[in-house]
Amino acid sequence: QLQLVESGGGLVQPGGSLRLSCAASGFFFADFNMGWFRQAPGKEREGVSFISASGARSDYADSVKGRFTISRDDVTNTVYLQMNSLKPEDTAIYYCAGGRGYGLGPAGYSYWGQGTQVTVSS
């Protein structure tokens with residue numbers, strides 16, 4: 001199985017930046033597509049970004065395009081989400097996920113981290 005642990009969340013002012021990390025342990029990390037999702041209180045979980053197993057393809061929710069960048073490092077088994085120009089509406093718990101899922105839909109992802117809180121507020 002794949003174990004995923006997110007880190008890097010915290011409190012940041014609007015316009016600021018954070019880099020989230022998702023540390024993976026277990027086998028076959030390089031074979032999994034990976035995604036970042038977020039869930040705000042009272043709202044449904046939404047896909048934020050996706051990166052293919054090879055790292056060659058990625059996608060972003062319209063709300064974060066141009067501001068967020070997803071990347072992966074198969075040497076350290078880590079997926080990153082660089083978040084710039086943060087807005088209050090980015091406030092949510094952010095989860096990383098892995099599996100056969102392809103894109104921003106959560107259904108195809110089998111493994112999930114525990115989440116890390118991101119709060120954007122002045």
Side-chain angles (χ1 to χ4, degrees):
Q1 61 178 296
L2 188 67
Q3 306 287 337
L4 304 174
V5 179
E6 303 96 332
S7 63
L11 176 65
V12 65
Q13 294 186 10
S17 298
L18 286 173
R19 188 178 73 162
L20 304 183
S21 298
C22 176
S25 61
F27 296 104
F28 307 116
F29 170 76
D31 294 332
F32 286 106
N33 301 320
M34 301 294 296
W36 283 98
F37 298 80
R38 67 186 182 187
Q39 187 166 22
K43 296 184 178 181
E44 296 183 355
R45 187 171 299 185
E46 64 172 336
V48 176
S49 186
F50 152 82
I51 188 166
S52 65
S54 69
R57 301 175 67 178
S58 60
D59 197 14
Y60 301 89
D62 288 341
S63 59
V64 307
K65 285 181 179 177
R67 300 188 296 120
F68 290 10
T69 303
I70 190 170
S71 61
R72 66 188 296 159
D73 186 341
D74 289 348
V75 175
T76 61
N77 290 352
T78 305
V79 182
Y80 300 98
L81 186 68
Q82 178 66 46
M83 305 185 294
N84 299 325
S85 301
L86 283 162
K87 304 175 180 179
E89 50 263 45
D90 295 318
T91 296
I93 300 175
Y94 283 71
Y95 301 88
C96 66
R100 295 182 179 180
Y102 203 89
L104 302 179
Y109 294 89
S110 301
Y111 304 98
W112 294 81
Q114 83 288 349
T116 185
Q117 177 71 47
V118 172
T119 302
V120 184
S121 176
S122 59

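What you see is a predicted model; the values in this text were computed from it and never measured. The first residue of the sequence shown is numbered 1, and numbering continues consecutively from there.
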Open item on the list: If I take atom OG from residue Ser63 and atom CG from residue Asp90, how far apart are they, to the nearest 0.5 angstrom?
Closed with: 7.0 Å
Task: Within 45° cone of Phe29 ring axis and under 6.0 Å: Arg72 NZ or CZ - done: yes
- [ ] May I ask you to test the Leu4-Met34 pair for a side-chain heavy-atom distance under 4.5 Å?
- [x] yes
Task: ILVMFWY network linking Trp36 to Tyr109, side-chain heavy atoms under 4.5 angstrom - done: no
Task: Charged N-O contact under 4.0 Å between Lys65 and Asp62 - done: yes
Open item on the list: Are the side chains of Leu20 and Arg38 in contact, using a 4.5 Å heavy-atom criterion?
Closed with: no
Task: Side-chain touch Val5/Gln114, heavy atoms, less than 4.5 angstrom - done: yes
TODO: Examine distances only and state if a side-chain atom of Ser49 and a backbone atom of Asp59 form a donor-acceptor pair shorter than 3.5 Å.
DONE: yes
Task: ILVMFWY network linking Val79 to Met83, side-chain heavy atoms under 4.5 angstrom - done: yes
- [ ] Would you kindly confirm whether Tyr80 and Leu2 end up in one hydrophobic cluster when ILVMFWY residues are joined by side chain heavy atoms under 4.5 Å apart?
- [x] no
Task: Exercise: identify the closest heavy-atom pair between Val75 and Asp73 - done: N-OD1, 2.9 Å
Open item on the list: Is the shortest side-chain heavy-atom distance between Leu86 and Gln13 below 4.5 Å?
Closed with: no
Task: Side-chain (Thr116) to main-chain (Glu6) donor-acceptor, under 3.5 angstrom - done: no
Open item on the list: Quick check on Glu44: does its CD atom have over 12 non-hydrogen neighbours (other residues, nucleotides or ligands) under 6.0 Å away?
Closed with: no
Open item on the list: On a heavy-atom basis, which atom in Phe37 and which in Gly47 lie closest, and how many Å separate them?
Closed with: CD2-CA, 3.3 Å
- [ ] Write down the atom of Pro14, the atom of Ser122, and the distance for their closest heavy-atom approach.
- [x] CD-N, 3.6 Å
Task: For Ser85 against Ser17, the heavy-atom pair lying closest together - done: N-OG, 4.3 Å
Task: Interatomic spacing from CG in Asn33 to OG in Ser110 - rounded to 0.5 Å - done: 10.5 Å
TODO: Kindly work out whether a path of hydrophobic side-chain contacts (I/L/V/M/F/W/Y, heavy atoms less than 4.5 Å apart) joins Leu11 to Ile93.
DONE: no
Open item on the list: Side-chain heavy atoms nearer than 4.5 Å, only ILVMFWY residues, links allowed to pass through others: does that put Tyr94 and Val120 together?
Closed with: yes
TODO: Could you check Val48, Leu104, Ile70 and say which one makes a side chain to side chain contact (heavy atoms under 4.5 Å, CB included) with Tyr60?
DONE: Ile70
